[in-house]
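For reference, the structure discussed in these notes is given below.
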Amino acid sequence: MTPGADPSTFSGRTGLTFPRRAAVGAAFVLIVIAAAYFARGGADAEPLPGPPLREVAKKQGMELGTAVRGDALERNRAYRQIAAAQFSTVTPENDMKWFAIEPERGDFDFGPADDIVERAREANQKVRGHTLVWHAQLPGWVKELGAKDLRQATREHIHAVMGHYDEDVGVWDVVNEPVSDDGELRRSVFMRRLGPGYIADAFRTARAADADAKLYLNEIGAEGINAKSNRLYELVRRLKAQGVPIDGVGFQAHANLDGLPGDFVANMRRFKALGLDIAITEADVGLPVPADPGELQAQARIYREIVRSCRAVDCRSLTFWGFTDGRSWISETQAGMGAATLLDEALRPKPAFSAVQQALGG
Ligand code: G3I
């Protein structure tokens, strides 16, 4: 600088005056800080009260899980931290489904599901595989196949996916939602083309693909004793009697303010008496939104009942279908409904969170 020059207007080699240079420098620093902040996925999670749910569950010999979304784990640091801290198992909510993993025949995209598995490994979590044979979220090409090709493609899909995750996934929803609400086998593409034998075939193929995995049939809306669960019971009883390798039944337990049926425990007990493991696989409690404090308390009571029901049958694991209202299929797909999970959209605990913690014995 020339002696005596005004430092506030010194332009130096950049040609910018000092105040401008300072402003550009500050903006640069802010951009770097913002880039770093977003690269790590935003802010840290606010601590949740009490001991982590996975720890209280572990004391009861229970696994406690949540559905997770790969994109949220990737982009949202607080979401990632809470998933890791609070849950001992994860179920990919969509990333392991047929449409995601084999969008074209024989063309597999394991990337997003691999990322979930990798994060689960880092968090010392088990992964529940969801799902191999389901009528929904199928790629278009599957629905176009004739019987012979569909049977073959289904076997190939099961082998490829279970083979890929042989080391990482110990439990699979092999067949998902095969019974319809009227108590008949669902008229899915598998049922229409292959007949009821597709279910046994899927389990046998799964056993051939992975000798150690626990093989589950996962059903929705079969919590109470009714036409649907009676049909499900008859189905799995026959599968067992025929020596088909089925290890467990998952009750999804999607609920609303009506709560779950009073005979939920009795229903699960009869399945257990067939020699099957029982798991609650997709629990949530949808509310009309906006939910008032009374409804949030009622929701907490229903969540408590779900935990108690699971404990009453010594269930293998309890999974919630997401843990934040910001990422829940209820608000995304059911008009006027939402607020279905343990934490609100800002990842703050709702009454249901403490209710679950207490019901787990924490
Ligand atoms: O992938 C598209 C994305 O490209 C697009 O931008 C976005 C816009 O809405 O939609 C995305 O697809 C969504 C898909 O999830 C993947 O995220 C669909 O709209 C949405 O309908 C779909 O919903 C999933 C639903 O299964 C499909 O039936 C839910 O997230 C998922 O929670 C739900 O999970 C099922 C279980 O697998 C089985 N039991 C019932 C349970 C609830 O339906």
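Both ligands and their constituent atoms are indexed starting at 1 by order of listing. All values below were derived from every heavy atom in this structure, side-chain atoms included, with hydrogens, water molecules and symmetry-related copies excluded.
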Examine the side chains of Arg54 and Thr89 and answer whether a donor and an acceptor come within less than 3.5 Å of each other.
-> no

Without hydrogens or angle criteria, can the side chains of Gln252 and Glu223 be said to hold a donor-acceptor pair below 3.5 Å?
-> no

Please identify which atoms of ligand 1 are closer than 4.0 Å to at least one heavy atom of Asn176.
-> 38 (C)

Pro112 versus Asp109: any side-chain heavy-atom pair under 4.5 Å?
-> yes

Can the positive tip of Arg308 be found less than 6.0 Å from the middle of the six-membered ring of Tyr303, inside 45° of the ring normal?
-> no

The closest protein heavy-atom partner of atom 41 (C) of ligand 1 is Glu282 OE1, 3.3 Å

Could you tell me whether atom 2 (C) of ligand 1 has at least one protein heavy atom nearer than 4.0 Å?
-> no

Any non-hydrogen protein atom less than 4.0 Å away from atom 26 (O) of ligand 1 | yes

Best match, Trp329, Trp134, Phe99: closest heavy atom to atom 35 (C) of ligand 1 | Trp134

Do Asn218 and Glu282 have a side chain donor and acceptor closer than 3.5 Å?
-> yes

Six-ring centre of Tyr79, Arg327 cation under 6.0 angstrom, axis tolerance 45° | yes

Below 4.0 angstrom from a heavy atom of Gln137, which ligand 1 atoms are there? Numbered from 1 as shown, please.
-> 14 (C), 15 (O), 22 (C), 24 (C), 25 (C), 26 (O), 27 (C), 28 (O)

Is there a protein heavy atom less than 4.0 Å away from atom 39 (N) of ligand 1?
-> yes

Per-atom contact, atom 31 (C) of ligand 1, protein heavy atoms, under 4.0 angstrom = yes

Within 4.0 Å of some non-hydrogen atom of Glu177, the atoms of ligand 1 are 38 (C), 39 (N), 40 (C)

Atom 13 (C) of ligand 1 touched by protein heavy atom at under 4.0 Å | no

Identify the closest protein heavy atom to atom 17 (O) of ligand 1: which residue and atom is it, and at what distance?
-> Asn94 ND2, 3.6 Å

Nearest protein heavy-atom contact for atom 21 (O) of ligand 1: which residue, which atom, what distance?
-> Thr333 CG2, 4.2 Å

Give yes if a backbone or side-chain nitrogen or oxygen of His254 is under 3.5 Å from a nitrogen or oxygen of ligand 1, and no if not.
-> no

With no hydrogens and no angle check, do the side chains of Asp284 and Trp329 hold a donor and an acceptor under 3.5 Å apart?
-> yes

Heavy atom of the protein closest to atom 33 (C) of ligand 1 (residue, atom name, distance) | Lys97 NZ, 3.7 Å

For atom 43 (O) of ligand 1, is some protein heavy-atom partner under 4.0 Å away?
-> yes

How far does CZ of Arg231 sit from CG of Asp182, to the nearest 0.5 angstrom?
-> 10.5 Å

What side-chain donor-acceptor pairs closer than 3.5 Å can you find for residues 55-67, not counting sequence neighbours?
| from | atom 1 | to | atom 2 | distance (Å) |
| --- | --- | --- | --- | --- |
| Gln60 | OE1 | Arg311 | NH2 | 2.7 |
| Gln60 | NE2 | Leu360 | O | 3.0 |
| Glu63 | OE2 | Lys126 | NZ | 2.6 |

Determine, stepwise, if the pair Gln86 / Phe323 fulfils side-chain contact (heavy atoms from CB on, under 4.5 Å).
-> CA-CA 10 Å; Gln86 296 291 330; Phe323 59 87; over 6 Å; no

Without hydrogens or angle criteria, can the side chains of Arg187 and Ser180 be said to hold a donor-acceptor pair below 3.5 Å?
-> no

For atom 36 (C) of ligand 1, closest protein heavy-atom neighbour | His130 NE2, 3.4 Å

Tell me yes or no: between the side chains of Asp114 and Tyr165, is some donor less than 3.5 Å from an acceptor?
-> yes

In the protein, which heavy atom is nearest to atom 34 (O) of ligand 1, and how far is it?
-> Trp321 NE1, 3.2 Å

Using a distance threshold of 4.0 Å (strictly less than), state whether atom 8 (C) of ligand 1 has a protein heavy-atom neighbour.
-> no

Which atoms of ligand 1 sit under 4.0 Å from any heavy atom of Gln252?
-> 39 (N), 40 (C)

Any protein heavy atom < 4.0 Å from atom 19 (O) of ligand 1 = no

Sidechain-backbone polar pair: Gln125 side chain, Phe87 backbone, donor-acceptor under 3.5 Å = yes

Numbered in order shown, the ligand 1 atoms found under 4.0 Å of a heavy atom of Glu93 are 29 (C), 30 (O), 31 (C), 32 (O)

